Structures are given as C-alpha cells and as structure tokens.
Amino acid sequence: MTDTDVHKGLAGIVADRTAVSKVNPDTNSLLYRGYPVQQLAAGLSVEAVALLLWSGELPSTQELAEFEEFERSHRGLDPKVREAVDLLPADCHPMDVGRTAVSVMGANDPHAQTSDPAAELQKAKKLFAAFPAVLAYDQRRRRGQDPVAPRDDLDYAQNVLWMTFGEEAAAEVVNAFRVSMVLYAEHSFNASTFTARVVTSTLSDLHSAVTAAIGALKGPLHGGANEAVMHTFAEIGIRPGETREEAAARSREWMENALAEKRKVMGFGHRVYKRGDSRVPTMKESLDAMVEHYGRHELMGLYEGLESAMDEATGIKPNLDYPAGPTYHLMGFDTEMFTPLFIASRIMGWTAHIMEQRADNTLIRPLSEYSGPDERSL
Ligand code: COA
C-alpha cells in the first residue's frame, strides 16, 4: 500500500450514495431532496422540512397538519429523561445532557429495537418532537429557573423559544430561529451523519446511532464551532454600545495576531466548501435582522472585522457556525446551548440518513495501513 492509497480523514472519498441532500462546492449550493436550501429557508416551516427530508417529497396540506398534531402531542419532557438529566452534574456540558437524554429515550422506547421503516419513521418523529424540551429544560435549570411546559398552540420554532425563555418571541426572532433550524437540518456525509450511518450499518438501533452522532457533533471541528465562535467574540471583548467601526478594528487586529500565531479560528473553513459555505448568506440575513432587532451593532462590527481580516490574509470563508453563533447569542441562549440547538435540527438529517442506510445496508468497515513495529517475538 502506498501513501497515496491512504486517505486520511477520508478526504475526497465517496463512501456511498445518498438521495437526502447534495452539496455542490463548485456552485456553492446545497439541495435537500432536490430543493435549494435557500428556497426552503425562505418560507417553509421546520416541520415541513423534516417531512421532506424523511419522505423525499414536500408534504401535502393534510400530511403536514397530521404531523403538526403529532409533533405538538409529543413535546413534553419525559419524567424519566428529566430524572436522568437531574443526576448529571450541573456544570457538565449541555452536549453531555443531550447525548444522555437521547440514550435514555432509547432505553425507554418499547420500539427501540424494531427497525422496520414505519417504526424507524415513528422514532424519528418522536425524537424530533421530544428533544427541544431537553435543551429548554437544561438551559433553564442552569439559570435556576423552573421548566416551562410546551404549548400546543405554537409551531415548532415558536415553542422551542417559548419553552426556553418562558415568553412568546417576536416574529423576527422566531423567523431567524426557524431559518437556523432549516439550515442546520442536513449536510450530506458530515462527520456526525457518517457516524450515525456507521452505527446503523452494524444493525444497531436508531437511538444508538443518534447518541453516537451527538458525540461526533460535540467536537469544535464540527458542531462545537458555533459556540467556539462566541468564545472568540468574548476573547476579543463584547462591548455593547461600541460603534461597529471600533469593534471591527479591534477584531481585525485580533485576527491578524491569531493568524500570525497560526491559530485555527473556529467558524471559518470547510472540508467541502472551499469558496464559501452555501448556507452563510441566508444565515447572515437572519443575523442582520437580529442585530437590528436588538440594536447590537457592535456584534456586527466584530463579525465583519474577523471575516474581512481572514479573507484578506487567507481567502478562507466563514461556515454556517459563524453567523449562527452570534444569532443564538442575541436571542438569549447561553453559549454552551448552541450545539444542542444544532442537535435539535440535525436530528432531521441524521434520522433521514439512518433510514436510508438501513434500507440498503452494507457494513461500513474501512481498512488501515499498519505503521507499527515489524512482527517480533516476546
Ligand atoms: N483558521 C485558520 N486556518 C485555517 C482554518 C481556520 N478556521 N481552516 C483551515 N485553515 C487552514 C489550515 O491551517 C491549513 O493551512 P496549512 O495548509 O497552511 O496547514 C489549510 O487552511 C487547510 O486546512 P485543513 O484543516 O487541512 O482543511 P480541512 O479541509 O481538513 O478542514 C475544517 C476543514 C472545517 C476542519 C477546518 O477548516 C477547521 O478546522 N475550521 C475551524 C472549525 C470549524 O469552524 N468547524 C466547523 C465546520 S462546518
């Protein structure tokens, strides 16, 4: 085996076919089941996007209404999940809470081990509906607040914000949140989705695959980047009231130093997109709306300063986590909750891939080139 036969990080390797989404780095485009994600984000509900990803087609009015009713009736926090979460240290990472919660949901689901297509779809729908209560509960317990029960007169996006903050969010905020959920929902064979497919390929169950995927998503080279972006902003210093120009000048200087020190700056770069992430312009519009809504122009200054300094020095463009991080910050989520929000959305994509993998399964088991000592005797 030669060095060129070893594909570290599986870079450039096509591991299987998928009909769930298409990422085209040449045209900076992302299609969910054939539809450009920008068009979906422009007006579709999160619930409709979930059905599209699972079934391959947009739902009829009746199908959507039936699913909305199902989703609204499965939103409550399961007491067994709450008990398990309460046993975790109050200062553990919220991704540990999310990972544990999904594992507990699996252990308590009487159909966890049933994997025919109807059972898998039912489990995916239940997980999609139930997960937001976990992150809302966790956000509130960290703030010493009592949980807020879901409301069945609100749609998915409105209800997540309601359960987290205990008040109805303004329409602009709901819209920015909905857009983020649509954009985060699916992205072909990224690390966590591939993890979910690897676990499924052993004929393990859906909750195990999602639990493993959450572990992969936690890392800062993947989903954890959205919170890392806010840590960067915090390191530079967030100064409400500062002008956009002043903030931009400070963040440009920070970036120049970071690059001189050869630091990796989270929220920039992508394994597949090398000329910009197709989802960024849409998410940036939502961030712009939130900056206006909350009157926090200094955050946009920090954003633009880092972006322009990185572009001028390296040509490396922001990825979706870059505008998503400050958007969630402005909405009032704690930084550590950003990646659990990514879970809530990516459950749609993971479960679509789990079902696709199961429908035409081959065990995923690559080879490795041995680089240890030659055979020797004791
Ligand atoms: N900050 C600084 N430099 C970066 C960079 C970043 N965010 N992303 C890439 N680079 C540089 C690397 O240092 C490397 O430079 P070199 O050739 O001089 O060594 C070059 O660009 C190629 O980067 P590499 O990490 O090998 O590319 P990759 O395709 O393996 O990496 C990521 C993709 C996403 C892992 C990488 O861009 C990264 O770590 N980004 C930050 C984490 C992040 O935002 N993740 C979310 C992804 S959606």
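Just follow the structure's listing: the first ligand is 1, and inside any ligand the first atom is 1. Just so it is clear, the structure is predicted and the values come from calculations on it, not from any experiment.
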Proximal protein residues to ligand 1, non-hydrogen atoms under 4.0 angstrom: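 Contacting ligand 1 under 4.0 Å are P220, L221, H222, A225, R263, K264, V265, M266, G267, F268, G269, H270, R271, K274, M310, I316, N319, D321.
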Tell me whether [X] is salt-bridged to [Y], with the criterion being a basic N under 4.0 Å from an acidic carboxylate O.
X: R142; Y: E336; answer: no
X: R358; Y: E356; answer: no
X: E246; Y: R239; answer: no
X: R75; Y: D152; answer: no
X: K126; Y: D109; answer: yes

Passing option when R250 is tested against E245, E242, E298 for salt bridge (charged side-chain N to carboxylate O under 4.0 Å, His left out):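 That would be E242.
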